[in-house]
Amino acid sequence: MVFFSLSEGLRNIAMDSNSLAMPISDPNAWATAMNNLGMSPMILCDVLSSVPADFDPSLGMMTGIAPMNPMMPGLGIVPPPVSQDMPIVKEIIHCKSCTLFPPNPNLPPPATRERPPGCKTVFVGGLPENATEQLIVEVFEQCGSIIAIRKSKKNFCHIRFAEEHTVDKALFLSGYRIRLGSSTDKKDTGRLHVDFAQARDDLYEWECRQRMLAREERHRRRIEEDRLRPPSPPPIVHFSEHECSQLGEKLKDDSKFAEAVRVLLTWVERGEVNRRNANNIYSMIQSSNSHIRRLMNEKAAHEKEMEEAKEKFKNALAGILVQFEQIVSVFHAASKQKAWDHFSKAQRKNLDMWRKQAEEIRNIHNEELMGIRREEEMEMSDDDMEDALHLHCSPTWPLAQVEALKEENDSLRCQLDAYRNEVELLKQEQGKAQPQRSEEDATRQQQLSFLQQALQGMQKQLLKLREDLKQRETELEKNSEEKQQLESQIQSLKDRIQAFPTSHALPVSYRRLSFFIFGFSSTGIISTFLHVHPFGASIEYICSYLQRLDTKISTTEVETLLGRLPCTFKQELTGVGASLEKRWKFCGFEGIKMA
């Protein structure tokens with residue numbers, strides 16, 4: 001460590017005043033130097049006049065006072081951080097074997113390369129030719145602990161520090177002129193250039209540190225994921241007679257059913273069922289099936305509770321809405337002239353504001369109640385649609401559909417009457433209450449127009465349903481008549497066929513009639529057979545299937561029948577060469593799909 005005192009600073013400033021272009025009598029430069037040393041700045045004349053009698057310039061110190069260390073906290077080479085507004089002023093640094101002179105402050109700062117990751121090594125160029133490794137340690141050890149120095153035969157070296165932040169302190173010395181002792185020889189002087197150096201050791205240590213941090217982060221994340229992960233389900237016990245008997249008891253208990261049925265599912269999926277334990281497994285499955293009624297009852301109870309809660313909420317909302325209507329009626333009554341004239345201007349303003357707020361809240365609650373009612377009506381309409389679908393699937397679906405349309409017609413008529421009554425009530429209220437403001441008239445007109453539009457829509461829908469009902473009734477009558485005619489024709493044809501058992505002795509007209517009956521009865525059977533065979537079937541395959549039902553059916557008759565119905569059956573060629581084969585396919589649904 002190198003020490004310097006106040007007297008040496010004064011003497012060096014006086015010696016280098018010409019080279020630094022800073023006269024010793026300049027008070028501002030002296031104040032800056034004192035500020036960098038951590039002392040309170042004083043005027044130079046005050047300093048010289050306040051020098052005590054025991055000050056010895058030759059010794060460079062005052063008697064009885066220890067010299068100051070420039071590397072003491074606050075007095076190091078690197079000055080403490082200052083604000084960006086104040087420029088950093090570099091001062092002369094005295095070492096034991098050399099002296100460092102700061103660069104010209106008017107020159108731009110020395111250029112440096114991009115800092116490598118984890119850099120602890122610096123490149124120092126511009127060393128004097130007579131510089132030794134001991135001198136380099138003496139200068140740069142004040143920045144921090146040095147691990148290694150690699151000095152070249154030329155005028156540069158590489159210094160590796162123990163910490164990364166000491167590299168910034170070493171970069172502060174870049175640009176300084178170094179002089180060995182008091183010699184003026186060219187080999188004893190040089191200009192330092194300090195820059196970042198890329199060393200493999202620094203990069204390796206930095207990568208090791210990054211990998212360690214990454215491992216710690218992964219470990220921390222894994223611990224957090226384990227903490228937030230839901231607990232694993234308990235393991236499933238293996239099948240045994242004892243466990244099977246215990247599981248059967250658990251399946252009968254409602255509180256343990258969920259856990260027990262999971263174990264049963266796992267056993268069945270594992271393939272634990274065999275001939276020995278099939279009866280036990282079947283009894284457990286039967287016990288599981290017995291819980292269906294309990295679950296349905298629980299669901300019904302919850303649905304009932306939900307409906308009761310909805311009904312309670314709807315009733316409470318209706319009561320609140322009635323009270324809002326009463327409050328709004330009070331404001332309307334107060335707005336009439338016989339009461340309105342007795343209020344002051346401020347009271348009228350408050351009454352008007354309160355009335356508007358009450359109407360807004362009343363409208364919001366009214367819309368909410370109407371939304372609940374609309375949802376109930378939609379649910380009821382969905383139920384009606386499901387009932388209509390069930391009726392449509394039933395054998396007597398036309399009659400059931402007519403009944404459903406009649407019920408829907410009655411409900412629409414009731415809704416129409418309700419809307420009509422609401423319109424009449426609004427008209428009566430509008431005729432009784434004298435409108436006081438244009439906003440109220442606009443809202444009433446808007447509500448009235450909405451109700452009229454809804455009324456017109458309901459009327460149109462009612463007329464449309466009536467027309468649809470009439471059309472369905474006429475179609476139903478026509479279908480019933482046609483059905484009766486067909487039944488009579490079929491019965492007559494059956495009687496004629498029974499009268500003529502052999503087809504060889506029949507005349508041509510009766511043969512045609514018998515062929516017609518054959519086609520009528522066989523078309524459905526062939527359609528079903530070919531629908532089951534989507535890739536088609538040969539005529540021999542079809543005849544073999546029909547001959548199981550009637551042995552008198554021939555291939556020619558079947559092929560003639562298929563050729564007469566091109567919209568229902570079509571013939572395609574499949575295969576190549578010797579394997580070419582004619583196949584018949586059912587195409588009755590293709591026209592429906594295209595439509």
Would you call [X] and [Y] a salt bridge, taking side-chain N to carboxylate O under 4.0 Å as the test?
{"X": "Arg218", "Y": "Glu216", "result": "no"}
{"X": "Glu467", "Y": "Lys464", "result": "no"}
{"X": "Asp226", "Y": "Arg222", "result": "no"}
{"X": "Glu164", "Y": "Arg209", "result": "yes"}
{"X": "Arg227", "Y": "Glu225", "result": "no"}
{"X": "Asp352", "Y": "Lys349", "result": "no"}
{"X": "Glu224", "Y": "Arg221", "result": "no"}

Would a 4.5 Å heavy-atom cut-off, applied to side chains only, mark [X] and [Y] as touching?
{"X": "His238", "Y": "Arg270", "result": "yes"}
{"X": "Thr474", "Y": "Lys470", "result": "no"}
{"X": "Leu295", "Y": "Lys299", "result": "no"}
{"X": "Leu573", "Y": "Glu581", "result": "no"}
{"X": "Leu203", "Y": "Pro117", "result": "yes"}
{"X": "Ile281", "Y": "Met284", "result": "yes"}
{"X": "Leu321", "Y": "Arg362", "result": "yes"}
{"X": "Ile236", "Y": "Trp267", "result": "yes"}

Exercise. Please check if any side-chain donor atom of Glu298 sits under 3.5 Å from a side-chain acceptor atom of His302, or the reverse.
Key: no
Any sub-3.5 Å donor-acceptor pair from [X]'s side-chain atoms to [Y]'s backbone N or O?
{"X": "Asn297", "Y": "Arg293", "answer": "yes"}
{"X": "Arg355", "Y": "His332", "answer": "no"}
{"X": "Asn277", "Y": "Asn274", "answer": "yes"}
{"X": "Arg583", "Y": "Glu572", "answer": "no"}
{"X": "His365", "Y": "Glu360", "answer": "no"}

A quick test of your reading: do over 12 heavy atoms of other residues, nucleotides or ligands sit less than 6.0 Å from [atom1] of [X]?
{"X": "Glu243", "atom1": "CD", "value": "yes"}
{"X": "Arg211", "atom1": "CZ", "value": "yes"}
{"X": "Met353", "atom1": "CE", "value": "yes"}
{"X": "Phe257", "atom1": "CZ", "value": "yes"}

Quiz item: Ser527 and Thr568: which non-hydrogen atoms are nearest, and at how many Å?
Solution: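 Smallest interatomic distance, heavy atoms only, reads OG-CG2, 4.1 Å.
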Quiz item: Of all heavy-atom pairs between Cys543 and Ser554, which one has the smallest distance, and what is that distance?
Solution: SG-O, 4.2 Å
Practice problem: I would like to know whether Phe529 and Phe586 meet ring-ring contact (aromatic ring centres under 6.0 Å, His included); could you show each step before the answer? | Solution: CA-CA 9 Å; Phe529 178 76; Phe586 177 70; over 10 Å; no
Atom [atom1] of [X] and atom [atom2] of [Y]: how far apart are they, to the nearest 0.5 Å?
{"X": "Arg564", "Y": "Glu559", "atom1": "CZ", "atom2": "CD", "answer": "12.5 Å"}
{"X": "Glu368", "Y": "Ile320", "atom1": "CD", "atom2": "CD1", "answer": "9.0 Å"}
{"X": "Ile361", "Y": "Ile327", "atom1": "CD1", "atom2": "CD1", "answer": "8.5 Å"}

Quiz item: Run the salt bridge (Lys or Arg N to Asp or Glu O under 4.0 Å) check on Glu311 and Lys314 step by step: do they pass?
Solution: CA-CA 5 Å; Glu311 189 67 25; Lys314 188 175 69 175; 3.6 Å; yes
Exercise. Applying salt bridge (Lys or Arg N to Asp or Glu O under 4.0 Å), run through Arg220 and Glu217 and close with a yes or a no.
Key: CA-CA 5 Å; Arg220 193 181 304 110; Glu217 181 64 24; 2.5 Å; yes
Quiz item: Ring centres of Trp584 and Phe569 under 6.0 Å apart?
Solution: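 Ring centroids of Trp584 and Phe569 are no less than 6.0 Å from each other.
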Quiz prompt | side chain to side chain contact (heavy atoms under 4.5 Å, CB included) partner of Val558, chosen from Leu561, Thr555, Leu562 | solution = Leu562
